[in-house]
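Below is one structure, written out as structure tokens, with a few remarks after it.
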There are 2 protein chains.
Amino acid sequence: MQSSTRDRIVVAASRLLQRQGYVGTGIKQIAQEARATLGSVYHFFPGGKEAVAIAAIEHGAGEFAALLREALDGDDDPAEAVAACARQLAHELRESGWTDGCPVTAAALETLGTDSEIQRACADALRDWERLVRDKLLRCGFPASDARELATTVVSALEGAEVAAQVGRSEEPLLVTGRQLARLVRSYEIQGLSP
Amino acid sequence: MQSSTRDRIVVAASRLLQRQGYVGTGIKQIAQEARATLGSVYHFFPGGKEAVAIAAIEHGAGEFAALLREALDGDDDPAEAVAACARQLAHELRESGWTDGCPVTAAALETLGTDSEIQRACADALRDWERLVRDKLLRCGFPASDARELATTVVSALEGAEVAAQVGRSEEPLLVTGRQLARLVRSYEIQGLSP
DNA sequence: CTCTGGGTAGAGCGTTCGTTCTAGTGAGAG
DNA sequence: CTCTCACTAGAACGAACGCTCTACCCAGAG
């Protein structure tokens, strides 16, 4: 299973970006981590650092979406599924030593003032994750407007709880937020809607 | 109303940090924005960039806490108070052109890997904000454990929703999350607890 | 007046940044 | 064999980084 140079660059960049942000990560560092040379990086990404970052963010966003999808599909009950997302995030965060958080937040916040393509990629990622949660809720019989509002809240809260967990080096914010989100989801169910 | 050089440095650094993060902000840029010189900066902060950043983060965290306190005290109903926090954050975010978000998140995420004092300052800020919300809930008669879990969730969700609002350049994530958090808080009240 | 010291001012240090550039490698086409 | 071209390799450039350093200003003490 040999990986292509381009793939190694994207994966390494993705990891470094989520740990140190956009400005904090150097092109040379990415090349070194990916066991590639500067020439290779600029060969595959003529757009330079920004192009590498965009590809890396899209890769990280896809990984995050896969994690989300798997956790959501793992439980029929939507409330339990949301809590499972939080637990899974907490588990991976702890395993990485609290370093590998959301692959988008760090890079997004640094490039807000600029009109970079990076923030577009980040906005797309957030929209995508929200859609995953919304569709799960729709499949469970939630009305469209409730599903949309809940999905926005769930993604925002998980995002924020992950940051809190990283800063505090503790799983607690994620686990607590997962429990409360499950409760919030159930507060719609008890009003009766689905079989 | 002349401000001292030291104060101008802290205020300028705080603003720049929340917009561009720690690595993205240069000492010389801080000095220029504060109408001070490099010599003055190193005179007041012999600890260099990190010392300036810590003072700036503590300043920003205090400002954020004041906003939170005011919004929480503005309404007796805890659910409405939480929603008011979200509305106030949304309002200030829009006014700043989506740039002036949480004064802690950006700097915190960049320095997670390091053992910098910066992340301690960020952790302190988060704890402080959580305490504000928890005390409000306690004053409203919530049991201690419920108040603690709700406070963690509220702060995390607001934090995440603010990032989502910045990235999407829209107030919606904050307003929606505020509404849902209010619903969550009310879901405790209807089980009956306080007068 | 001189002297002192908190504060201002900015040139310059070594380093690292993102990027460009030229040279070289090696598998496949003719 | 030669030729081609996707790819590798890394030296070198100007700019910006955090920081140090010396020189200077000027109000108040003696």
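Residue numbers start from 1 in every chain, and the chains themselves are labelled A, B, ... in the order their sequence lines are given, proteins ahead of strands.
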* Structure fact -> Of all heavy-atom pairs linking A/D128 and A/R131, the shortest is OD1-NH2, 2.5 Å
* Within the structure shown, what part of the strands sits under 4.0 Å from A/G26 by heavy-atom distance: base, sugar-phosphate, or nothing? -> sugar-phosphate
* Just checking A/Y42: base, sugar-phosphate only, or nothing, at a heavy-atom cut-off of under 4.0 Å? -> base
* Which nucleotide in the set D/dC19, D/dC7, D/dA9 lies at the smallest distance from any side-chain heavy atom of B/I27? -> D/dC19
* **A/K28 side-chain proximity, nearest of D/dG18, C/dC17, D/dT20** => C/dC17
* Answer yes or no: is there an ion pair linking B/R15 with B/E33, defined by an N-O contact shorter than 4.0 Å? => no
Nearest whole Å is fine: how far is [N] [atom2] from [X] [atom1]?
X	N	atom1	atom2	value
A/I30	C/dG18	CD1	P	8 Å
B/Q29	D/dC19	CD	P	15 Å
B/E50	D/dC19	CD	P	9 Å
A/L38	D/dC13	CG	C1'	13 Å
A/Q32	D/dA9	CD	P	14 Å
B/H43	D/dC19	NE2	C1'	17 Å
B/R35	C/dG7	CZ	P	18 Å
B/L16	D/dC17	CG	P	12 Å

* Is it true that a side-chain atom of B/E50 and a backbone atom of B/E117 form a donor plus acceptor pair closer than 3.5 Å? -> yes
* Between A/Y22 and A/G39, just flag the one whose closest nucleotide in DNA chain C comes earlier from the 5' side. => A/Y22
* Is there a path from A/F45 to A/Y22 through hydrophobic residues (I, L, V, M, F, W, Y) whose side chains come within less than 4.5 Å of each other? -> no
* Side-chain touch B/E162/B/L93, heavy atoms, less than 4.5 angstrom -> yes
* Asked: B/S40 side chain N/O closer than 4.0 Å to the phosphate oxygens (OP1, OP2) of C/dT8?
  -> yes
* **Contact under 4.0 Å: A/T5 side-chain N or O vs D/dC7 OP1/OP2** => no
